[in-house]
Amino acid sequence: MASRRDRRVLTINTGSSSLRADCYLIGTGETLVYSAEAERIGAADTRLRIADANGKSLLEQRDSLPDHEAAVRAVFAFLASHDRSAGLDAVGHRIVHGGSTYSEPAVVTPALLHAVEELVPIDPDHLPQALAAIRFVAAAYPQLLQVACFDTAFHRQMPRTAQLYALPRRLIDAGVVRYGFHGLSYEYIMQQLRSEAGTAADGRVIIAHLGNGASMAAIRDGKSMDTTMGFTPTGGLVMGTRSGDLDPGVLLYLLQTKGMTPAALSELLNRQAGLLGLSGTSSDMRDLIERQAADPHAAEAVELFCYQARKFLGGLCTALGGLDTLVFTAGIGEHQAEVRERICGGLRFLGIEIDPTRNQAQAPIISGESSAVTVRVMHTDENRMIARHTVRVAEEQGATHVPI
């Protein structure tokens with residue numbers, strides 16, 4: 001293993017039409033150097049913004065970025081023009097699905113790329129974009145170490161029963177099982193919880209990652225016991241544009257009776273459903289909360305989101321045999337006090353009590369003094385988790401520093 005020194009890493013996190021790339025210097029500390037965000041990739045009004053660690057804008061670009069490769073190329077062009085001498089030690093990528101093969105971060109190899117390619121039919125909204133980013137870096141900087149960090153890895157040690165569907169064994173053997181997602185977020189929160197609350201991280205913990213994509217995980221002794229997402233990121237909680245769990249008969253009905261194609265059904269479940277489908281106006285919880293008093297469809301969308309989250313939370317408590325700590329994180333979980341209050345309302349029988357003043361103030365701990373369960377609000381940082389993993393792998397591999 002190489003000796004410990006500061007290493008410069010770039011993390012790349014691709015969404016269906018977005019990209020987030022952060023440059024870190026990690027060694028004795030963790031320093032964010034640059035942060036890049038590209039939105040609406042593939043549209044005419046693409047926006048790329050690159051800022052320094054203080055949020056000062058260094059680049060604002062609204063030129064068209066036709067695909068994710070173009071977005072990654074623009075980020076590297078910025079690094080080359082602004083910080084050429086610094087170079088990079090490694091690039092870490094968020095890979096949403098690692099299937100049954102990968103239970104920890106891994107060096108990108110041809111075999112890994114082939115394995116991820118085979119998973120594209122399961123997650124066509126994320127994996128092709130991640131593969132495009134990896135291939136660009138490999139072609140432009142072949143000596144640069146690349147590390148794949150899998151969102152499913154955190155859940156691969158779930159109990160066997162929590163992974164199974166009641167399907168024929170041939171399908172289970174072919175990998176049709178519950179994988180779970182948002183693992184990088186859960187892993188980061190657990191590290192922070194251990195740092196802030198010590199042995200509380202070894203107790204019975206539920207983390208509610210509530211954003212445009214939403215899930216919950218039940219964690220005991222630092223290990224995932226169960227989670228709400230399953231074979232794909234579409235299942236579980238109501239989300240911004242994803243349906244969450246459905247009766248499988250609904251899908252058969254839409255295919256057989258309504259004549260929908262698989263492609264149209266995927267579009268419906270992943271981009272037209274959830275809060276957007278219920279409200280008919282927006283997938284953004286902030287918009288819906290503002291409109292709910294005058295718009296019954298918006299109100300219904302908010303209520304179903306909170307009801308389903310409350311129901312899943314209760315179910316995960318049974319998987320843990322009780323609850324010691326509840327953590328809210330991600331965009332909705334961190335910033336929407338009303339949603340937190342409505343999810344926790346009526347859960348005193350589980351030992352959950354919210355202090356309204358603390359909750360409205362976005363305090364780090366929002367539970368009341370008499371609450372048996374500590375309820376926390378914590379910021380998550382998937383990219384920083386990717387950077388930590390990438391540095392560890394780079395040190396194990398003795399990665400070469402590559403000029404950009």
Side-chain angles (χ1 to χ4, degrees), residues 154-155 157-159 161-162 180 182-183 185-211 214-229 236-238 244-245 285 289 302-381:
F154 182 74
H155 303 292
Q157 302 303 313
M158 283 195 308
T161 303
H182 290 142
S185 173
Y186 293 134
E187 192 172 5
Y188 179 85
I189 290 293
M190 288 305 296
Q191 288 189 5
Q192 293 303 110
L193 183 62
R194 183 167 298 282
S195 175
E196 296 176 16
T199 57
D202 296 321
R204 299 166 298 182
V205 180
I206 291 177
I207 303 174
H209 178 109
L210 306 180
S215 70
M216 291 184 181
I219 300 164
R220 186 172 61 227
D221 297 324
K223 297 179 180 179
S224 177
M225 295 289 107
D226 205 342
T227 187
T228 56
M229 285 180 171
L237 303 173
V238 174
D245 279 1
M285 182 62 77
I289 287 176
V302 175
E303 179 55 31
L304 184 61
F305 180 93
C306 296
Y307 170 73
Q308 291 283 9
R310 189 162 59 248
K311 186 168 72 169
F312 272 103
L313 196 161
L316 291 176
C317 282
T318 67
L320 294 174
L323 184 62
D324 302 309
T325 302
L326 171 62
V327 179
F328 286 98
T329 191
I332 297 172
E334 289 180 48
H335 303 297
Q336 295 299 324
E338 179 177 337
V339 171
R340 295 193 299 263
E341 184 175 0
R342 290 170 69 167
I343 290 173
C344 294
L347 296 183
R348 183 173 294 181
F349 72 99
L350 292 176
I352 299 172
E353 295 183 54
I354 295 293
D355 182 296
T357 301
R358 292 177 181 175
N359 187 40
Q360 288 295 328
Q362 311 287 358
I365 295 177
I366 61 171
S367 45
E369 295 297 333
S370 61
S371 179
V373 175
T374 302
V375 184
R376 295 175 175 268
V377 178
M378 299 178 70
H379 174 69
T380 192
D381 195 336

May I ask you to check whether over 12 heavy atoms, not counting those of Glu338, lie within 6.0 Å of atom CD? yes
Looking at Arg348, I want to see if its CZ is surrounded by more than 12 non-hydrogen atoms of other residues, nucleotides or ligands under 6.0 Å.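 Not buried by this count: 12 neighbours or fewer within 6.0 Å.
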Within this structure, what is the [atom1]-[atom2] distance for the pair [X] and [Y], rounded to the nearest 0.5 Å?
X: Arg340; Y: Ile354; atom1: CZ; atom2: CD1; result: 7.5 Å
X: Ile219; Y: Ile207; atom1: CD1; atom2: CD1; result: 3.5 Å
X: Arg342; Y: Glu303; atom1: CZ; atom2: CD; result: 5.0 Å
X: Asp381; Y: Gln191; atom1: CG; atom2: CD; result: 11.0 Å
X: His155; Y: His182; atom1: NE2; atom2: NE2; result: 9.0 Å

All heavy atoms of Ile332 vs all of Gly211, minimum pair found to be CD1-O, 3.8 Å
Do you know which two heavy atoms are closest between Arg376 and Thr325, and how far apart they sit? CD-CG2, 4.2 Å
Under 3.5 Å, is there a donor on one side chain and an acceptor on the other for Gln362 and His335?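 Judged by distance alone, the side chains do not pair up.
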Specify whether Phe154 and Tyr186 have parallel, tilted or perpendicular ring planes, treating 30° as the upper limit for parallel and 60° as the lower limit for perpendicular.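 Geometry flag for Tyr186 against Phe154: tilted rings.
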Looking at Val238, Ile343, Leu210, which one forms a side-chain contact (heavy atoms from CB on, under 4.5 Å) with Cys306?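 That would be Ile343; it is the only one of Val238, Ile343, Leu210 passing the side-chain contact (heavy atoms from CB on, under 4.5 Å) with Cys306.
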